[in-house]
Amino acid sequence: MEKNLEEIFQAKIDREEKIEPKDWMPDAYRKTLVRQISQHAHSEIIGMLPEGNWITRAPTLRRKVALMAKVQDEAGHGLYLYSAAETLGVDRVELFEQLNSGKAKYSSIFNYPTLSWADIGSVGWLVDGAAIMNQVPLCRCSYGPYARAMVRVCKEESFHQRQGFEILLNLSKGSQAQKDMLQESVNRWWWPAMMMFGPADGDSPNTQQSMKWKIKRFTNDDLRQKFVDVAYEQAKVLNVTLPDPDIKWNEERGHYDYGVINWDEFWNVVKGNGPCNKERLAARNKAWDEGQWVREAALAHAEKRANRKSKKVA
Ligand code: FAQ
C-alpha cells in the first residue's frame, strides 16, 4: 500500500506536478523539506545581523534607506519561509527554539563579520549573488508552497545583488583607499561565498534524493560552478582580483577552473566555531527574550477578540 502511494507520488513529481500540503507524501520527503526550509528561514533572519550592523553607519541617507529596506526584505523572506515550513505540520515556535538553542543549522556565511562599508557591497554582490544562483531553481521545487515563496524571494534578492554591486562599482571608481577597501573585502568574502553552496557533491549526503524528489534541481558543485563563471566576469567590471590564483578558463569544459576549498574551515563554521557563531546566537536569543511581551500582548489581544466574537454569536 505504502509502496503504491510512493510510486504515485514519484510519478506526480516526474510529471512536474506540484505536491501540496494536503497531498500524501513520504515521511522522508516531509522531513527533508522541513529541514531545508527551516534552515533557509533561519539563514534569512540570521542574515539580517551582519548587514544590520551597518545601518547606523551607512555613508549617505540614500545608502541607509536602501540598506534598511534590504534588511527588512530578509525578515520578510524568513516569514514566508517559516509559513511554508508550517504547511508541513511543524510549529514555528519549535523552529525558533531549535535555532535559539544552537541545534538548528543556518547558512555558514552569516558567521563572518562585516568589518568595512565595502562588506555591505560584497554581501550584496557575492552573498546575494550566490543565494540567487541557488534559489532561482528552487522556484521550480516540487513542493508548491516553497516554490511559490521562492518566486518573490528571488525577485527581491536580484535587487539586493544589484544594490551590492553598485556599492562596489562606486568604490571601484573612487580613491585608492576606497579601491583598497573593495579588494580587501572581496578577499575576505570570496571563499565563504563559495562555501555557501554546501559540501562537494561526493560529500553531500542529501543531494541525490533531493534531486530525485525535484526539491533540488542542480547539485551543489553545479551551482558553485555557475557562480564562479558569472562572478569572474563581474569581477573584471569591478577591477578586482578574486583571491584564487587557480581560477582560469578551461576551454575544454567551457567553464572556469577554480582552486581547492578549505572544507575544514567550512565544517568548523557549520559546527558552531566560526568567527561570529556565538555572537549571532546571542543576538537571536536577546531578540527572542525582548520580544516576549509583544508575543504575549498579541496573543492576549487575539484571545480577547475571539471571546468577544463568541459572546456575540451566543
Ligand atoms: N551552511 O547534503 P547537503 C541567503 C549542511 S539564504 C551551513 O549538501 P542539502 C539570503 C546541510 O544543511 C542562504 N550548513 O545538504 C540572504 C546538511 O546538514 P543536515 C541560505 C550547510 O540540504 C542574503 C549538510 O551540510 N540558503 O543567503 C551549508 O542537500 C544576504 C550536508 O549538506 C538556503 O538555505 C552551509 N552553507 O544542501 C540573507 C537555500 N551547506 O541538515 C541575508 C536552500 C550545507 O543534513 C543577506 N537550501 N550545509 O544536518 C539549499 O539549497 C540546501 O539546503 C543547501 C545544502 C544547498 C544549502
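Start at 1 and go down the list; that is how both ligands and their atoms are numbered.
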Could you pull out, from [options], the option with a heavy atom nearest to [atom]?
atom: atom 6 (S) of ligand 1; options: Gln135, Arg224, Met150; value: Gln135
atom: atom 55 (C) of ligand 1; options: Lys216, Gln36, Gln39; value: Lys216
atom: atom 5 (C) of ligand 1; options: Glu74, Lys105, Met194; value: Lys105
atom: atom 40 (N) of ligand 1; options: Ala193, Ala200, Gly198; value: Gly198
atom: atom 31 (C) of ligand 1; options: Pro205, Ser204, Ser108; value: Pro205

Quick one: look at [X] and ligand 1, take heavy-atom pairs under 4.0 Å, and tell me if it's side chain, backbone, both or neither.
X: Val269; answer: neither
X: Lys31; answer: neither
X: Tyr146; answer: side chain
X: Phe110; answer: side chain
X: Asn134; answer: side chain
X: His40; answer: both
X: Asn206; answer: both

[X] heavy atom under 4.0 Å from ligand 1:
X: Met48; value: no
X: Lys70; value: yes
X: Trp267; value: yes
X: Ser210; value: no

NZ of Lys236: more than 12 outside heavy atoms within 6.0 angstrom?
yes
Is it true that [X] and [Y] have a side-chain N and a carboxylate O under 4.0 angstrom from each other?
X: Asp289; Y: Lys286; value: no
X: Glu16; Y: Lys214; value: yes
X: Asp257; Y: Arg253; value: yes
X: Arg148; Y: Glu20; value: yes
X: Lys12; Y: Asp23; value: yes
X: Arg62; Y: Glu166; value: yes

I want to know if ligand 1 touches [X] in the polar sense, i.e. an N/O pair below 3.5 angstrom.
X: Ser43; value: no
X: Arg35; value: yes
X: Met196; value: yes

Only heavy atoms of [X], strictly under 4.0 Å: list the atoms of ligand 1 that pass.
X: Met195; result: 36 (N)
X: Glu51; result: 46 (C)
X: Ala131; result: 4 (C), 27 (O)
X: Asp128; result: 23 (C), 30 (C)
X: Phe197; result: 56 (C)
X: Glu157; result: 10 (C), 16 (C)
X: Gly47; result: 42 (C), 46 (C)

Quick check, are the ring centers of Tyr258 and Tyr232 under 6.0 angstrom apart?
no
My understanding is that a hydrophobic cluster links ILVMFWY residues whose side chain heavy atoms are under 4.5 Å apart, including indirect links. Using that, what else belongs to the cluster containing Met211?
none
Provide, to 0.1 Å, the distance between atom 7 (C) of ligand 1 and the closest protein heavy atom, together with that atom's residue and name.
Tyr106 O, 3.3 Å
Is the positively charged end of Lys226 above the ring of Phe218, judged by distance under 6.0 angstrom from the centroid and angle within 45° of the axis?
yes
Can you see whether Trp288 has Arg295 sitting over its ring - NZ or CZ less than 6.0 Å from the centre and within 45° of the normal?
yes
Which residues pass the salt bridge (charged side-chain N to carboxylate O under 4.0 Å, His left out) test with Lys70, not counting sequence neighbours?
Glu51, Glu74, Asp128
Hey, are His160 and Glu157 close enough side-chain-wise for a donor-acceptor pair under 3.5 Å?
yes
Could you tell me whether the side chain of Ser101 and the main chain of Glu97 form a donor-acceptor pair under 3.5 Å?
yes
